[in-house]
Novice: 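First the structure, then my questions, so here it is.
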Amino acid sequence: MPELPEVETYRRFLNEVILHQAIVALEVRDAHVLGTPEDVLRENLVGRQVTATRRIGKNCFLELSSGQVLALHFGMSGDVGAYRHDHDAPRFTRVALHLADGLRVAFIDPRKFGRIRLTESVAHYQQAKKLGPDALDVTATQLQQRLSPKKTILKPLLLDQSITAGLGNWIVDEVLFQAKIHPERRANTLVTAEFEALHAAIQLVLTTAISHEATYRHFPASFLIHARGWDESATPGTEKHLFCPKHSKTKIAKSYVGGRATYVCPRCQPEPVKSE
DNA sequence: ACCCTTGTTTATGA
DNA sequence: ATCATAAACAAGGG
């Protein structure tokens, strides 16, 4: 689930539990999630402390007292947790930082697409990974500048972390629904008012999601996410509320855009005409 | 047993 | 150079 709102929620959690405390041990339960060799990581972590936390898009950073930075990416299924006793370690804990006061901070990742690596600075990492401006910082003008030269369809561009960092699959669908723009519109056909609507929708969706700590069930009824069928009966074909939150008679359409599952209200988000 | 999945990287071909 | 597509990564859960 980790898109920007989840990662921001993780960052705030880490900021609460880990700041200004000596790291006394690095426990590696599965080295697969390490993007830096275990011994190098241990050398740079043990005896140091985290002085600040940062986030760009879906990446979380722990700034260390050594000046180095620990970069966390959560892949498809990453999470964080804290525990005190070994037998209380969350299931799928892959790595844990042991703190001076006995608390252990867990990097949890069932599917192991996440990575923990050391980097010299946040700026260096941002450049190396080609991350664009964070989705919460990007302005309507910047969006227009970055998107309008492109003739390709909008949704894959919004998922592209080098254009703007932090938007994932469901958020893009939610943003486009709130902005009333079809995901297959060509980016160069959007008018200024639509870039402004896009920007407003990004702000709305991200701030709403963060304020609910990314718990989907608590999102407003006006959100498309409730039509994705993630709740209760998630068996394909048996999804429950498949109707538009604004047009209770209009069924939400599911398709694949850029190879990703995509949900659209055909009435709120009219399909582009062929000439576009 | 089969199909789906929130992300990113890489290969391949147009 | 740009773009589209698919596969790969790994594994849980329906």
Side-chain angles (χ1 to χ4, degrees), chain A residues 1-10 29-35 55-60 71-80 90-95 107-117 119 125-132 134-135 146-177 183-189 205-206 209-210 212-217 219 223-240 242 254-263:
Chain A
M1 304 166 229
E3 299 194 31
L4 189 152
E6 287 90 342
V7 178
E8 175 61 15
T9 303
Y10 300 166
R29 298 182 168 215
D30 189 330
H32 194 275
V33 299
L34 300 184
R55 182 192 56 72
I56 299 177
K58 304 168 192 173
N59 304 273
C60 183
L72 308 179
H73 191 282
F74 297 95
M76 300 258 285
S77 59
D79 198 355
V80 292
R91 202 177 168 206
F92 307 119
T93 295
R94 305 302 186 190
V95 173
F107 182 86
I108 305 160
D109 190 6
R111 291 173 212 178
K112 301 198 281 197
F113 281 4
R115 287 296 177 272
I116 300 178
R117 48 170 50 97
T119 182
Y125 183 94
Q126 180 167 22
Q127 193 162 36
K129 294 288 177 186
K130 299 186 172 68
L131 296 175
D134 186 80
R146 288 168 169 261
L147 292 172
S148 57
K150 308 277 188 183
K151 294 177 181 172
T152 52
I153 55 178
L154 194 52
K155 175 163 176 175
L157 293 172
L158 292 174
L159 289 170
D160 184 341
Q161 303 296 296
S162 72
I163 290 178
T164 180
L167 306 181
N169 200 38
W170 81 256
I171 291 194
V172 167
D173 282 2
E174 189 70 56
V175 163
L176 290 170
F177 171 74
E184 292 175 292
R185 286 280 301 280
R186 302 271 158 188
N188 62 336
T189 68
V205 173
L206 294 179
I210 291 170
H212 291 94
E213 297 186 337
T215 305
Y216 310 132
R217 291 192 309 283
F219 290 1
F223 271 42
L224 180 70
I225 193 167
H226 302 298
R228 287 189 94 97
W230 281 359
D231 297 343
E232 66 282 323
S233 57
T235 311
T238 66
E239 293 92 344
K240 287 191 76 178
L242 285 179
K254 180 182 179 181
S255 66
Y256 286 84
V257 176
R260 308 297 301 275
T262 298
Y263 294 77

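Values reported hereafter were calculated over all heavy atoms of this structure, with side chains retained and with hydrogens, waters and symmetry mates removed. By convention in this document, chain letters (A, B, ...) are assigned in the order of the sequence lines, proteins followed by strands, and residues within each chain are numbered from 1. This is a predicted model, so every value here is computed, not measured.
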Novice: Identify which nucleotide among B:dT5, B:dT6, B:dG7 has an atom closest to any side-chain atom of A:Y216, counting heavy atoms from C-beta outward.
Specialist: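 Of the candidates, B:dT6 comes closest.
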
Novice: Show the nearest heavy-atom pair for residues A:A135 and A:L206, with the distance to one decimal.
Specialist: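 Shortest heavy-atom contact: CB-CD1, 3.7 Å.
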
Novice: Under 4.0 Å between a side-chain N/O of A:K151 and OP1 or OP2 of C:dT2, yes or no?
Specialist: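 Checking C:dT2 against A:K151, no side-chain N or O comes under 4.0 Å of OP1 or OP2.
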
Novice: Using a 4.0 Å heavy-atom cut-off across all strands, classify A:F74 as base, sugar-phosphate, or nothing.
Specialist: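 Here A:F74 touches no strand at all.
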
Novice: Students often get this wrong, so: under 4.0 angstrom with heavy atoms, is A:K150 touching a base, only sugar-phosphate, or nothing?
Specialist: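 A:K150: backbone/sugar contact only, no base atoms under 4.0 Å.
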
Novice: Mapping A:R111 and A:L159 onto DNA chain B by nearest heavy atom, which one lands closer to the 5' end?
Specialist: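 The residue whose closest nucleotide sits nearer the 5' end is A:R111.
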
Novice: Between B:dT8, B:dT5, B:dT9, which one does the side chain of A:H73 approach most closely?
Specialist: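 Of all the options, the side chain of A:H73 is nearest to B:dT8.
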
Novice: So, OP1 or OP2 of B:dT9: does either fall under 4.0 Å of a side-chain N or O from A:K130?
Specialist: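 The answer is no; no side-chain N or O of A:K130 sits under 4.0 Å from OP1 or OP2.
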
Novice: Roughly, in whole Å, what's the span from CG in A:D30 to C1' in C:dA11?
Specialist: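 In whole Å, C:dA11 C1' lies 12 Å from A:D30 CG.
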
Novice: When all nucleic acid strands are considered with a 4.0 Å heavy-atom cut-off, which category describes A:G259: base, sugar-phosphate, or nothing?
Specialist: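 The residue A:G259 makes no contact with any strand.
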
Novice: Mapping A:H32 and A:P149 to their closest nucleotides on DNA chain C, which lands nearer the 5' end?
Specialist: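 Of the two residues, A:P149 wins.
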
Novice: Quick one: A:N169 CG to B:dG7 P, roughly how many Å, whole number?
Specialist: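 Nearest whole value for this atom pair: 6 Å.
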
Novice: Between C1' on B:dC4 and CZ on A:F113, what's the gap in Å once rounded to a whole number?
Specialist: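 The answer, rounded to whole Å, is 13 Å.
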
Novice: Without decimals, in angstroms, what is the distance between A:R146 CZ and C:dT2 P?
Specialist: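 Result: 14 Å.
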
Novice: If you find the nucleotide of DNA chain B closest to A:Y256 and the one closest to A:N59, which residue's nucleotide is nearer the 5' end?
Specialist: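 So the residue in question is A:Y256.
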
Novice: Determine whether A:T164 and A:R146 satisfy the following criterion, side-chain contact (heavy atoms from CB on, under 4.5 Å), listing intermediate values before the conclusion.
Specialist: CA-CA 9 Å; A:T164 180; A:R146 288 168 169 261; 6.0 Å; no

Novice: Closer than 4.0 Å, any side-chain N/O of A:Q161 to the OP1 or OP2 of B:dT8?
Specialist: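 For B:dT8, OP1 or OP2 has a side-chain N or O of A:Q161 closer than 4.0 Å.
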
Novice: Could you give the CG-to-P distance, from A:L167 to B:dG7, as a whole number of Å?
Specialist: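 Whole-Å distance recorded here is 10 Å.
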
